[in-house]
Amino acid sequence: MFQTTAELRSAFLKYFEDNGHQVEDSSSLVPANDPTLLFTNAGMNQFKDVFLGMDKRSYTRATTSQRCVRAGGKHNDLDNVGYTARHHTFFEMLGNFSFGDYFKEEAIRFAWEFLTVTLKLPTERLCVTIYETDDEAFEIWNKKIGVAAENIIRIGDNKGAAFASDNFWQMGDTGPCGPCTEVFYDHGDHIWGGRPGTPEEDGDRFIEIWNIVFMQYNRQADGEMQPLPKPSVDTGMGIERIAAIMQGVHSNYEIDIFKTLIAKTAEIIGVTDLENKSLRVIADHIRSCAFLIADGVMPSNEGRGYVLRRIIRRAVRHGNKLGANESFFYKLVPTLISVMGDAAKELGQMQAIVEKALKAEEEQFARTLERGLQILDSALNELTAKTLDGETAFKLYDTYGFPVDLTADVCRERDIQVDEAGFEAAMAQQRKRAQAAGNFGTDYNSNLIIDTETTFCGYAELVGNAAVKALYLDGKAVEQLTQGQTGVVVLDNTPFYAESGGQVGDQGQLIAEGVVFKVADTQKFGPATGHEGEVISGDIKVGQVLTAQVDKKLRHRTELNHSVTHLLHAALRQVLGEHVSQKGSLVNPERLRFDFAHFEAVKPAELKAVEELVNVQIRRNHELKTAEMAIDEAKEKGAMALFGEKYDAQVRVVTMGDFSIELCGGTHVGRTGDIGLFKVTSEGGIAAGVRRIEAVTGAAAMAYIAEQQAQIEEAASLLKSDSASVITKLKAQLDKVKQLEKDLSQIKDKLAAAASADLAGDAIEINGIKVLVKKLEGVDAGSLRGLQDELKQKLKSAVIVLGIASEGKVNLIAGVSNDLTKQIKAGELVAMVAQQVGGKGGGRPDMAQAGGTQPENLDAALALVQPWLEQRLS
């Protein structure tokens, strides 16, 4: 019999495959064709265009096991996860679909046969719901399936609006919609709750396990329900719920997948209480986090990446509650891959990437978690009411990276609510401050509204005649620009490329007899192109014909950098992994800047491999091919969309051999060989999970290498060597310096030993204990520790405090012999002295060091040691 979750998944897919359904893989958790969704949250998402008639498949029946996430946006179960029996951030939806093929009777029959014949669920435990007016569904259930009338429950409009019932589904205010029928399982009278439609329906006794949506209407804007020409079926069954039934348990967290993950989590952290709800949270969250990363989402501060970060940090916080004192979350990935079976094929391929990303985020959060929890704990202890103010919640978010729902999670455990309205108000204020801080002057063109259209003709030509359609001076439309004025010229057509997709706008000039307009930049203003610049000579008038001349050298250098950006993107994905995605770029004549999603610094060997791979593609001299096609066709060909770009139905696809294919409206070289040379100049992080590479090409790359060579030759000259052996000579010099430093350290130790003999004689006695307090002159701070050790050996039993004032800084050390540490702690003593000189410090009971910034107070600070000791030794 089908017991494990993996067996159930296989049984479901096989049943529908045997009944003529095409088995389709789960789609990505990042919806490919629906910008309205944050994450894939239902089995039908990948078929949405099919249901709408915008896409056609080679089959009319399909079945899937779709991975889903509900942890952000409209569908957000995060707050409930771990505290209820059936809420999850990640779940699998088993589904079967008909695209104008079978309808109500077949869909109902399939569901009933799979549940009662294949899975052998007792029929007396099942009841069904239908939409209140769906007599057809009632007849099928009652007459053809044989379900008793008293076990068929009509559910109507119980939410105060037409078709707002749980048993009537609609894609939106308009479009495909239709009634639903659901199957419920009775877990038994030992669990509180009633059947659907009763006052006790919110109990946990009767659980929905199957939902069938009959898409039979197309709702119009006026509310009219027009029958669809080809009614369709969308069904779903949560695998976790049916697994709980088949495994004889009530809570989803008791099924095999969760039991395994909970046990592994407990083993890693060292927990014995397997009923702890924090273990549930972690077991749930590793599923959503691992699969999201495998599908290309990386932790960040916005969008999907921010939701992922929230889930990871919630899991880490619960690990912290359980006593985890080191990174643990990423260690669950191998167990997850094992227990998920066939559903984790892609995850297995991305295992290393997933583990690295999780570990990096966990370590980053761990650095701030302890301090943030201390502040939250202190704030909660001081509360006199049952609400935490929004300002504190915002401070935790802004300063310590605590998502507000993590703060709410901690508060929930103390029966305290968070003032979410106050938090949102503080967030709004921060946005205003950020906008104000970023407003370094208003661009007068930013508010231009230009009611005209410019045709771009600059892919093939850099010179062309065009008529002036509009002129702007200080943001206002004018009929004429005169010599010396700076403004915007709008033409009916132009070879000038307007800034877009990271490529800067062209420069050049607009000329006519006696007229020169120097174009400093080119920008888009809706469908119009604006040439920004200054009238060098003559006057320009609306309607005048000008010759537009793009600066060929600048355009060419920009094209080198733009084309190589495509190669760089492909090379990064090949070397670092498919998770790499563009997060921004800048392409100008001097250099290129490329921002991309990656969870750690790029290793030198990886960066070298990327650079070499790009240069190999340059030497292969691929022809750059461009083609206009429908965006869906472009995506089917594997074309990558660039970050921040908006695409029309028809797109331009740029292909470089079999190495790179991207959607791009920018300008490019004719062949990759034109780029000449690619050289990375820097790589670094600019935000959590986002790296930046800067590079140069062509003549700029040659100049960069020549400059590096000149520096090597200068270094060789200083080392009295040549460039070929400069590394060997430098290593020899460094070894020599290390030996000299070692010799110097030994000399300092000898001098400290000699000085200690003199200093020991200055010790005094306080209550029979030797005490030495001394301000030292001409002593290196690095010698303090050795000097303190020497004095301890000479004085045997003593308390020692030494201080140095040099170059505006104070260095302090306190030493206490082991026989005295129960009475005097070196850390407390040095902290007291450091406080007087504007510093702090600490250490072991027998030795502690500190620093300060007020050397003028050192004498007075040291004078406090004797009374401080007298008080403690009296």
Side-chain angles (χ1 to χ4, degrees), residues 36-39 41 69-84 87-89 277-278 281-282 284-285 288-289 292 297-321 361-362 364-439 687-690:
T36 66
L37 287 177
L38 191 66
F39 299 115
N41 60 19
V69 164
R70 291 185 181 177
K74 179 181 177 182
H75 299 288
N76 186 357
D77 292 336
L78 186 58
D79 290 343
N80 294 315
V81 173
Y83 295 94
T84 67
H87 277 105
H88 304 292
T89 56
K277 284 184 175 155
S278 288
V281 172
I282 295 165
D284 170 90
H285 288 8
S288 55
C289 294
L292 281 170
V297 181
M298 283 289 159
S300 69
N301 288 328
E302 60 184 14
R304 297 183 177 103
Y306 177 61
V307 176
L308 171 60
R309 170 163 286 168
R310 289 166 58 200
I311 303 173
I312 294 174
R313 292 188 169 189
R314 188 170 189 258
V316 173
R317 211 277 298 180
H318 279 274
N320 180 270
K321 279 182 61 182
E361 180 65 19
E362 186 173 0
Q364 178 182 333
F365 184 47
R367 289 190 284 271
T368 61
L369 178 62
E370 184 177 357
R371 179 62 180 146
L373 286 175
Q374 288 174 353
I375 291 175
L376 179 55
D377 189 59
S378 176
L380 295 179
N381 288 337
E382 294 174 4
L383 282 184
T384 57
K386 285 290 186 179
T387 301
L388 178 71
D389 63 282
E391 282 288 341
T392 300
F394 175 74
K395 177 184 176 184
L396 286 163
Y397 163 79
D398 195 41
T399 307
Y400 297 99
F402 267 53
V404 68
D405 51 4
L406 181 56
T407 300
D409 209 35
V410 178
C411 290
R412 180 209 299 261
E413 293 157 10
R414 298 198 188 189
D415 195 26
I416 293 171
Q417 293 184 327
V418 176
D419 175 16
E420 293 191 13
F423 173 82
E424 290 300 332
M427 279 287 290
Q429 287 298 316
Q430 185 207 45
R431 293 188 191 103
K432 287 182 180 178
R433 289 193 297 270
Q435 289 169 357
N439 186 13
V690 181

Colleague: My understanding is that only residues two or more places apart in sequence, or in another chain, count here; which of them pass side chain to side chain contact (heavy atoms under 4.5 Å, CB included) with Asn381?
Modeller: Asp377, Arg414
Colleague: Looking at every heavy atom in both Cys289 and Ile311, which two are closest together, and how far apart are they?
Modeller: SG-CG2, 3.5 Å
Colleague: Do the side chains of Phe39 and Val307 get nearer than 4.5 Å, heavy atoms only?
Modeller: yes
Colleague: With sequence neighbours left out, what residues match Ser288 under side chain to side chain donor-acceptor pair (under 3.5 Å)?
Modeller: Thr89
Colleague: So how far is it from Leu308 CG to Leu292 CG, rounded to the nearest 0.5 Å?
Modeller: 5.5 Å
Colleague: Check salt bridge (charged side-chain N to carboxylate O under 4.0 Å, His left out) between Glu382 and all other residues, then give those that pass, not counting sequence neighbours.
Modeller: none
Colleague: Between Ile282 and Ala315, what is the shortest heavy-atom contact and its length?
Modeller: CG1-O, 3.7 Å
Colleague: Please round to the nearest 0.5 Å and tell me the distance separating atom OH of Tyr306 and atom CG of Leu38.
Modeller: 12.5 Å
Colleague: Find the distance between CD1 (Ile416) and CG (Leu380) and round it off to the nearest 0.5 Å.
Modeller: 4.5 Å
Colleague: With a 4.5 Å limit on heavy-atom distance, are the side chains of Glu413 and Lys277 in contact?
Modeller: no
Colleague: Are Arg313 and Glu361 close enough that some pair of their side-chain heavy atoms sits under 4.5 Å apart?
Modeller: yes
Colleague: List for me each residue that meets side chain to side chain contact (heavy atoms under 4.5 Å, CB included) alongside Ala379, sequence neighbours excluded, and say none if there are none.
Modeller: Leu388, Thr392
Colleague: Within this structure, what is the CG-OG distance for the pair Asn320 and Ser278, rounded to the nearest 0.5 Å?
Modeller: 9.5 Å
Colleague: Working to the nearest 0.5 angstrom, can you tell me the gap between Leu376 CG and Lys395 NZ?
Modeller: 11.5 Å
Colleague: Quick one: does Arg70's side chain have a donor or acceptor within less than 3.5 Å of a partner on His88's backbone?
Modeller: no
Colleague: Please report the interatomic distance CD(Gln417) to CZ(Arg412), rounded to the nearest 0.5 Å.
Modeller: 10.5 Å
Colleague: Once side chain to side chain contact (heavy atoms under 4.5 Å, CB included) is applied, do any residues pair with Val281, and if so which ones, sequence neighbours excluded?
Modeller: His285, Arg314, His318
